[in-house]
Asker: 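Before I ask anything, let me first share the structure, which is written out below as structure tokens.
Lettering of chains follows the sequences in order, A, B, ..., and the numbering in each one begins at 1. None of these values were measured; they are calculated from a predicted model.
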Amino acid sequence: MEVCSVTAPATVEEAEAIQDALRSRLDLTGPGPRDPALVAGVDVAYSDDLLAAAVVVLDAASLDVVERVTVPGRPAFDYVPGLLAFRELPSLVEALERLTVTPDLIVCDGYGLAHPRRFGLACHLGVLTGLPTIGVGKTAFVGSFEQPGRERGAWSDLLLDGEVTGRVLRTRDGVKPVFVSVGHRVDLETACRHVLALTPRHRLPETTRAADRLSRTALKTAMAGSP
DNA sequence: GCGACAG
DNA sequence: ATCTTGTCGC
């Protein structure tokens with residue numbers, strides 16, 4: 001599939017300016033895909049100065065793997081909270097370009113609209129691909145919230161400056177919740193429906209789990225190849 | 001001013 | 001993210 005390339009900033013100020021500029025291209029119109037056929041998970045694994053990006057496309061109904069792509073690389077930007085996209089997206093975009101199918105939804109590791117400048121990784125990838133994206137974070141980043149009820153499906157608002165920017169969603173009974181926020185072309189309600197559909201037996205979406213495993217094994221391969 | 005801070 | 005053993009529970 002076709003994907004716009006990532007503009008590589010040299011400084012934090014430049015990176016923030018890029019986010020502010022791209023934010024105007026965000027489509028926050030819902031509801032987004034109601035019944036996606038293909039859902040993709042993306043993730044990146046690191047080791048010193050090496051990394052491996054991975055994309056896994058699943059059949060949304062069966063959760064079977066349809067396609068997998070990995071790309072070895074080097075981090076192009078240090079990790080700075082709020083600028084994660086500049087570290088992970090260059091390689092992820094390469095991986096997505098090698099996909100022979102086009103997913104109907106991309107599930108990202110991290111945040112989307114729930115971000116200091118309202119433009120997290122999921123928003124950024126959405127604008128570059130033009131595809132619906134959502135962000136699923138494992139830990140708190142920005143925003144305040146109350147603990148949701150203990151049962152799967154329970155949720156609470158993730159508030160930032162008095163605005164609802166996401167949801168703290170319980171995907172398994174009595175298990176630590178995840179942080180869901182919209183990326184591009186999907187509304188929050190629909191995003192949470194998809195996250196629940198992707199978590200029939202684990203806390204994290206099957207897309208995230210599959211991409212995480214793939215990126216780690218690809219990293220080991222990359223380390224063996226260029227030591 | 002001092003911490004906190006997606007992955 | 002990554003460094004790491006055993007252990008409790010479905």
Side-chain angles (χ1 to χ4, degrees), chain A residues 6 9 12 15-16 18-19 22-23 41-56 70-93 95 106-127 133-145 150-152 158-161 165-184 188 191 195 199-223:
Chain A
V6 187
V12 165
E16 294 179 343
I18 292 170
Q19 293 182 325
L22 291 181
R23 195 178 46 224
V42 295
D43 196 17
V44 178
Y46 302 88
S47 129
D48 293 317
D49 62 337
L50 283 180
L51 65 75
V55 178
V56 179
T70 63
V71 168
R74 309 268 179 187
F77 206 83
D78 285 332
Y79 173 68
V80 177
L83 301 179
L84 176 66
F86 296 99
R87 184 171 171 78
E88 308 211 325
L89 289 193
S91 299
L92 281 180
V93 163
I106 300 177
V107 179
C108 302
D109 257 55
Y111 286 62
L113 210 56
H115 176 275
R117 280 170 301 285
R118 304 294 198 279
F119 199 72
L121 174 66
C123 298
H124 203 142
L125 188 59
V127 166
T133 59
I134 65 177
V136 179
K138 297 182 284 293
T139 62
F141 176 37
V142 286
S144 56
F145 60 93
R150 81 172 296 286
E151 339 71 51
R152 163 178 159 89
L158 182 57
L159 298 168
L160 229 185
D161 302 321
T165 56
R167 281 185 188 176
V168 182
L169 177 66
R170 190 86 66 182
T171 54
R172 304 300 303 162
D173 290 359
V175 172
K176 188 181 177 201
V178 298
F179 300 79
V180 180
S181 57
V182 154
H184 186 59
L188 188 52
V195 171
T199 51
R201 59 178 302 176
H202 296 287
R203 175 172 87 115
L204 298 177
E206 288 302 315
T207 39
T208 301
R209 291 167 47 80
D212 182 78
R213 277 177 311 214
L214 181 58
S215 67
R216 292 193 203 217
T217 59
L219 178 62
K220 288 178 185 172
T221 305
M223 292 175 76

Asker: Aromatic rings A/F141 and A/Y111: how do their planes relate, parallel, tilted or perpendicular, breaks at 30° and 60°?
Answerer: perpendicular
Asker: In whole angstroms, how far is the C1' atom of C/dA1 from the CG atom of A/D78?
Answerer: 13 Å
Asker: With a 4.0 Å cut-off on heavy atoms, is A/A45 in touch with a base, just the backbone sugar-phosphate, or nothing at all?
Answerer: sugar-phosphate
Asker: Does either side chain, that of A/Y46 or that of A/E88, offer a donor lying less than 3.5 Å from an acceptor on the other one?
Answerer: yes
Asker: In this structure, how many angstroms lie between the P atom of B/dC5 and the CZ atom of A/F141, rounded?
Answerer: 10 Å
Asker: C/dT2 P sits how many Å from A/L84 CG, rounded?
Answerer: 12 Å
Asker: Taking only the side-chain nitrogens and oxygens of A/S47, find out if one of them lies under 4.0 Å from OP1 or OP2 of C/dA1.
Answerer: no
Asker: Measure CG/A/L51 against P/C/dT2 and give the value in whole Å, please.
Answerer: 11 Å
Asker: Roughly, in whole Å, what's the span from CG in A/L50 to C1' in C/dT2?
Answerer: 14 Å
Asker: Just to be sure I understand the rule, does A/D43 reach a base, reach only the sugar-phosphate, or reach nothing, if contact means heavy atoms closer than 4.0 Å?
Answerer: sugar-phosphate
Asker: Under the side-chain contact (heavy atoms from CB on, under 4.5 Å) criterion, do A/F86 and A/L84 qualify, and how do the steps go?
Answerer: CA-CA 6 Å; A/F86 296 99; A/L84 176 66; over 6 Å; no
Asker: Convert the base pairs of DNA chain C into dot-bracket notation, remembering that pairs crossing earlier ones are written with [ ] and that bases paired across to another strand are shown as |; include only Watson-Crick or G-U pairs under 3.5 Å.
Answerer: ..........
Asker: Heavy atoms only, 4.0 Å cut-off, all strands: where does A/L121 land among base, sugar-phosphate and nothing?
Answerer: base
Asker: Please state whether the rings of A/F119 and A/H124 are parallel, tilted or perpendicular, taking 30° and 60° as the class boundaries.
Answerer: tilted
Asker: Can you tell me if A/H202 and A/R172 form a side-chain donor-acceptor pair at under 3.5 Å?
Answerer: no
Asker: B/dG7, OP1 or OP2 - any side-chain N/O from A/Y46 closer than 4.0 Å?
Answerer: no
Asker: Report yes if some heavy atom in the side chain of A/E206 is under 4.5 Å from a heavy atom in the side chain of A/T199; otherwise report no.
Answerer: no
Asker: Classify A/L83 by what it touches in the nucleic acid, base, sugar-phosphate, or nothing, heavy-atom distance under 4.0 Å.
Answerer: base
Asker: Exactly one of A/L125, A/L92, A/V55, A/I134 should register a side chain to side chain contact (heavy atoms under 4.5 Å, CB included) with A/I106. Which one does?
Answerer: A/L125
Asker: Which part of the nucleic acid does A/G135 contact within heavy-atom distance under 4.0 Å: base, sugar-phosphate only, or nothing?
Answerer: nothing
Asker: Counting any heavy atom closer than 4.0 Å, what does A/G137 reach on the DNA or RNA strands: base, sugar-phosphate only, or nothing?
Answerer: sugar-phosphate
Asker: Between B/dA6 atom P and A/Q19 atom CD, what is the distance in whole Å?
Answerer: 15 Å
Asker: Under 4.0 Å between a side-chain N/O of A/K138 and OP1 or OP2 of B/dA6, yes or no?
Answerer: no
